[in-house]
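Here is the structure we will look at, set down as structure tokens.
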Amino acid sequence: MNPFVLTIFALHSGQNNNMKLDYSAIEAKWKRQWAETDLYKVTEDKALPKFYVLDMFPYPSGAGLHVGHPLGYVASDIYSRHKRMCGFNVLHPMGYDAFGLPAEQYALDTGVHPAKSTSDNITRYRAQLDNIGFSYDWSRQVRTDDPSYYRWTQWIFLNLYHHYYDKIQDKALPISALITHFETAGSKDLHTASTSHPEFSANDWKSMTAIEQSNVLMNYRLAYRKSGFVNWCEALGTVLANDEVKDGVSERGGHPVVQKEMMQWALRVTAYAERLLNGMENIDWSDSLKSIQRNWIGRSEGALINFSLANIDSGVTVYTTRPDTLYGSTFLVLAKDHELVNDILSADQKDSVRAYLDRSHNKVADTRGDKNLDGVWTGAYAIHPLTNKKIQIWLADYVLSDYGTGAIMAVPCGDERDLAFAQHHQLEIIEVIDRTGLENSSIEDKQGILINSSFLDGLTVEKAIQSILAYLEENHLGQKQIAYKLRDANFSRQRYWGEPFPIYYDAAGLVHEMPYASLPHELPDLDDFKPSPDGRSPLARLDSWARPAADKFLETDTMPGYAGSSWYFLRYMDPTNADEFVSRKAVDYWQDVDLYVGGVEHAVGHLMYSRFWHKFLYDLGYVPTQEPFKKLVNQGMIQGVVESLILLKERHDGKAHFISAELIKAKGLSPNDYSAIPVHIDFVSAYGQPNSHITEEGIKSFIQWRNEYAEAIFESADGKLYTLTNASGAFIETLSEVGKMSKRYHNVVNPDDVIARYGADCFRMYEMFLGPIEQSKPWDTMGIEGINKFLRKFWSLYFNEEGEWIVTDLEPIESSYKILHATIKKTNEDIERFSFNTAISQFMICVNELRKTGEQSSKILAPLVQLIAPFAPFITEEIWQYLGHDVSVHKSTFPMHEDKWLVNTSITYPVCINGKKRSEITLPVDTPKEEIESSAKALPEIMKWLEGQSIKKTIVIPGKMVNIVL
RNA sequence: GCCAGAGUGGCGGAACUGGUAGACGCGCUGGAUUCAAAAUCCAGUAUUCGCAAGGAUGUGCGGGUUCGAUUCCCGCCUCUGGUACCA
């Protein structure tokens, strides 16, 4: 026995032999010890293989963490600890996505500076995270609002600004190369991603003014300025992202949102569309996530078709995925802001077009679901390229300016919207597809035979598309084209609490970038966070900052939330580097993220932009991989039970009337007769159980909380009426529904409370035991007792009821080896496939069995501690120390199973008649096939079935089962 | 509408390559212990017929493949998530 253990025993006996399981003492002890010894600190150790496990870093909101948030963190922590014990050098960091709207809104409401509230929230988050016992290397923490961090966010932005996308080399190249091209060849032979495609010669370029040149270059930069329509909310005084708008009103506050034209910074993510699509082939993400990204990119193959105009010498190009239906095209439709609109409107249609445009622009944004048939004829005609017939050109809401060419050829017979529009405005419809025999298919299906289409008649759709494409290209009427739904990302926010752009403008409006060396361009202090009245950010009101000189105007927009989060995983590799965003040495060692765990709500935003930035950094040679996240696991949500009181719409003697939830059925009420008022779960008895209810205490607390119900009447299931002053004996059932865990429903369960009662180990294991990590499931307050019991049983293998250490060095019995090694095997497999709930089941089976046999040998009990260590890091560390180790269990080597303990000498075969199990038989493992068959047939239960029957066939799978077919 | 995923006891879930459906836990029932309770321990717990032995049914519904299907195939229903005038 080493001196260390002696000390423990001395202490132990000195404390009157009382080593009872005391979670909080054990946790406090090891939290301190781990911090003091920097147990989880990692460095680039070339002797060990690396493994990078990343959690999506949280936005530190004022509400703190609830039990749903750490679900993914616990899973990734178990995985990290396991990998570490398996000999990997594991990078497992954590940080904060610290810029964001809520802090600024909070500042507007309370005057508390976002920097202060954010820091306060971070302090709280950190305490909550520490409580749970995570193995983060906190020395690598990043927060996006730290100037030493956002300096590099700005640096990447400037790089995007200084690069364009070359479609031939399929990568980003410096703008200087583009300028050289312009100087020698103008726009000739240019293959770049750009907003528009102007044509100019080298001489044209040279004769442009600085402003003109700057504008031309903007058209190619990967970070660029453009004028576009944004969701403008007058009441909030700001621009909203699409997901902040619901049903045409702001999600927060429900204020009207309209389209407003504004100069905005944008990122040319569309340049990377094809690579973002193809890059998913070799990464291990869920099918659903990949399909969400695929849909978002929305690649389609089609054709550009040129139509000339009837009266003016110009043309319009449309994009279609169905060039085969060209003969069915009876009119064209342009987006309302198509560049040709002003050129083509005829004098007599001017007024109705103006009226339409006014109508359209004032429409609230994002009117989901409403199919809108509004539109107007421009008075102009185009010439059909094949029939030379004049067809009308319309404007309509349903054609979008930023998809395809912003113009379509309408084919009413082959497109639902064109058909609806044609019917509504009484436009011609020509059938060009014969769908005989395809009555159940929609008109948009690519099936049928071409008719009324000249040389295409008789061809299938597929053949017709090839044929018409060849014809169009031959006659210079059009060409193949690939289109994407993906849009360039709006990168401007008219907000204070974000990264400032390292950009300023001169008196002439020319854009200037700040030099790299001047970064960080720091966010100034502010004490009033109201937006500037013209819709610009609060920074615009800070003249001393925004206008440092008479002819120098700083950009007052700030960057959106996804700026800082698009590259934070790289900064963890080298968090304090003052010279580079990440050193080559660090990124060459850590490479990329091996496992990324986070919520599916970031499926498009964060994950798309991170991949885009990463590919860009790859193009510039700063990172060695094309994809940042090799494997990604989405954790589900932990839901809460929403408890509500049933309030009848009809009042009782003019007073609010609540009834027991049981009475809904009894009284035959429909949802129109009552409303469910969420009750704070602290007031509810038997919370989350079928008989959840409020009692006298609950009624008092409820009324204290919601004073407007002071006079209310509460009716119990047996018809008795209770009031605040007469509530004795009340039992009012509440309505229990599974829903979001949210402040709004007053059903938030704080991990701190759970940990205070059951300990961090129990909390961690219970979160994992609830079910598969990807699934959403409700938090069940009762279920945690099962894990609590398990941990006590586990502990009791090592300490008896008197708290005495009972582990011996004696040789264990054979069955203990068997169950141990079965558990080792299953644990390794289950952790690797992220099946933590089944690993925990196996621990329970193992502990139950060892208790039954009274196993006390350290040869079994020591490896068991290691198996459970990733799940329950505190209690296992304590026991490990008692086992005589002076190095942490988390630094030990994870056990590997030995096959010799897993081979069975006998096998129990199920014996089936016609596939249904009727009996079973235990035979030695090496029993020959014939003998298995004859032994099975000799079983009395089986003979009974065989009596008077003839056997058609007998299937014997050695080691598996026997099936007799009658 | 379109795309993706999922439907298994009272509940959370297990069954990994087609081979004993319901592991493990919660809850519930009964028992032991206790003056009593809590805690703990033991037994039972898919449905149904039956006193029992023992049957029958059973993984959303309807078909199919197979000696054998929760697992594979076809059609449908329901739920969850994504998306929404994308030509």
Side-chain angles (χ1 to χ4, degrees), chain A residues 286-296 298-300 302-303 318-322 325 333 366-373 396-400 402-411 414-418 420-421 442 444 483-487 600-601 603-604 634 636-637 688-690 766 769-772 774-787 789-790 792-793 796 801 826 829-830 833 835 837-845 848 851 908-920 941 944 952-957 959-966:
Chain A
S286 72
D287 287 344
S288 75
L289 194 60
K290 283 185 183 178
S291 102
I292 289 171
Q293 290 229 335
R294 245 178 241 123
N295 290 345
W296 192 258
R299 183 184 195 273
S300 69
V318 303
Y319 175 73
T320 178
T321 54
R322 293 298 300 274
T325 62
V333 187
D366 187 47
T367 40
R368 280 172 180 236
D370 278 351
K371 293 289 176 223
N372 184 351
L373 297 177
D397 287 1
Y398 83 91
V399 173
L400 309 173
D402 48 3
Y403 180 74
T405 59
I408 64 155
M409 63 174 205
V411 182
D415 184 286
E416 297 285 358
R417 291 149 310 163
D418 294 346
F421 193 81
S442 90
E444 295 186 6
Y484 303 91
K485 284 193 219 173
L486 184 72
R487 307 292 157 80
V600 74
E601 65 272 20
V604 281
N634 284 127
M637 270 196 321
Q689 290 171 263
Y766 184 53
F769 190 62
L770 280 171
E774 329 79 52
Q775 259 169 50
S776 292
K777 53 247 154 179
W779 179 262
D780 169 15
T781 316
M782 303 299 290
I784 198 167
E785 285 295 347
I787 296 289
K789 274 187 218 163
F790 162 76
R792 289 180 177 282
K793 288 182 193 172
S796 75
E801 276 180 51
K826 188 154 175 58
E829 287 168 0
D830 284 354
R833 68 189 177 105
S835 180
N837 54 332
T838 51
I840 294 171
S841 296
Q842 183 65 31
F843 295 154
M844 289 173 167
I845 292 167
N848 285 343
R851 266 165 58 88
T908 300
Y909 286 92
V911 183
C912 306
I913 306 286
N914 291 336
K916 193 104 198 152
K917 185 195 159 199
R918 295 299 170 186
S919 183
E920 57 184 35
E941 301 94 324
K944 192 181 73 190
K952 280 202 193 115
K953 203 181 196 180
T954 305
I955 291 122
V956 179
I957 314 282
K960 286 269 188 199
M961 47 78 69
V962 178
N963 189 17
I964 300 167
V965 186
L966 299 181

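Numbers restart at 1 for each chain; the letters A, B, ... are given by sequence-line order, proteins then strands.
Taking the six-membered ring for Trp and thresholds of 30 and 60 degrees, Phe790(A) and Phe843(A) have nearly parallel ring planes, at less than 30 degrees apart.
Of the listed nucleotides (A4(B), G82(B), G25(B)), G25(B) has the atom at the smallest distance from the side chain of Met844(A). If you check C3(B), G55(B), G5(B) against the side chain of Arg918(A), the one that comes closest is G55(B). Ranking G82(B), C41(B), A87(B) by closeness to the Lys793(A) side chain, first place goes to C41(B). Nearest to the side-chain atoms of Asn848(A) among the listed nucleotides C24(B), C67(B), A87(B) stands C24(B).
When the P atom is compared between C85(B) and U70(B), the two are found 43 Å apart, to the nearest whole Å. Taking atom C1' on both G5(B) and A87(B), the two are 29 Å apart, rounded to the nearest angstrom. A distance of about 6 Å separates the P atoms of U8(B) and G60(B), rounded to the whole Å.
For the pair Tyr319(A) and Trp296(A), both in contact range of RNA chain B, the more 5′-proximal nearest nucleotide belongs to Trp296(A). Comparing Gly298(A) and Gly786(A), the nucleotide of RNA chain B nearest to each residue sits closer to the 5' end for Gly786(A).
In this structure, Asn634(A) places its CG atom 14 Å from P of G81(B), rounding to the nearest Å. Computed from coordinates, the Arg792(A) CZ to C41(B) P distance equals 11 Å when rounded to whole Å. Straight-line distance from the OH atom of Tyr398(A) to the P atom of C85(B): 13 Å, rounded to whole Å. Whole-Å rounding puts the Asp287(A) CG to G82(B) P distance at 18 Å. Look at CG on Asn295(A): it is 16 Å from P on G81(B), rounded to the nearest Å. Put simply, CG on Asn914(A) is 14 Å from P on G55(B), counting in whole angstrom units. In this structure, the CD atom of Glu444(A) is 10 Å from the C1' atom of C2(B), given to the nearest Å. Protein atom CG of Leu400(A) is 6 Å distant from nucleotide atom P of C85(B), rounded to whole Å.
Within the 4.0 angstrom heavy-atom criterion, only backbone atoms of the sugar-phosphate kind lie near Ser300(A); the bases stay farther away. Looking at heavy-atom distances under 4.0 Å, Val399(A) makes contact with a base. Looking at heavy-atom distances under 4.0 Å, Lys952(A) makes no contact with the nucleic acid at all.
G27(B) adopts an anti glycosidic conformation, its chi angle falling more than 90° from 0.
Checking the phosphate oxygens (OP1, OP2) of G82(B), no side-chain nitrogen or oxygen of Arg294(A) falls inside 4.0 Å.
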### Query
Which parts of nucleotides 10-23 of chain B does protein reach within less than 4.0 Å, heavy atoms only, written one letter per nucleotide 5' to 3' as B for base, S for sugar-phosphate only and - for none?
--BSSSB--BB--B
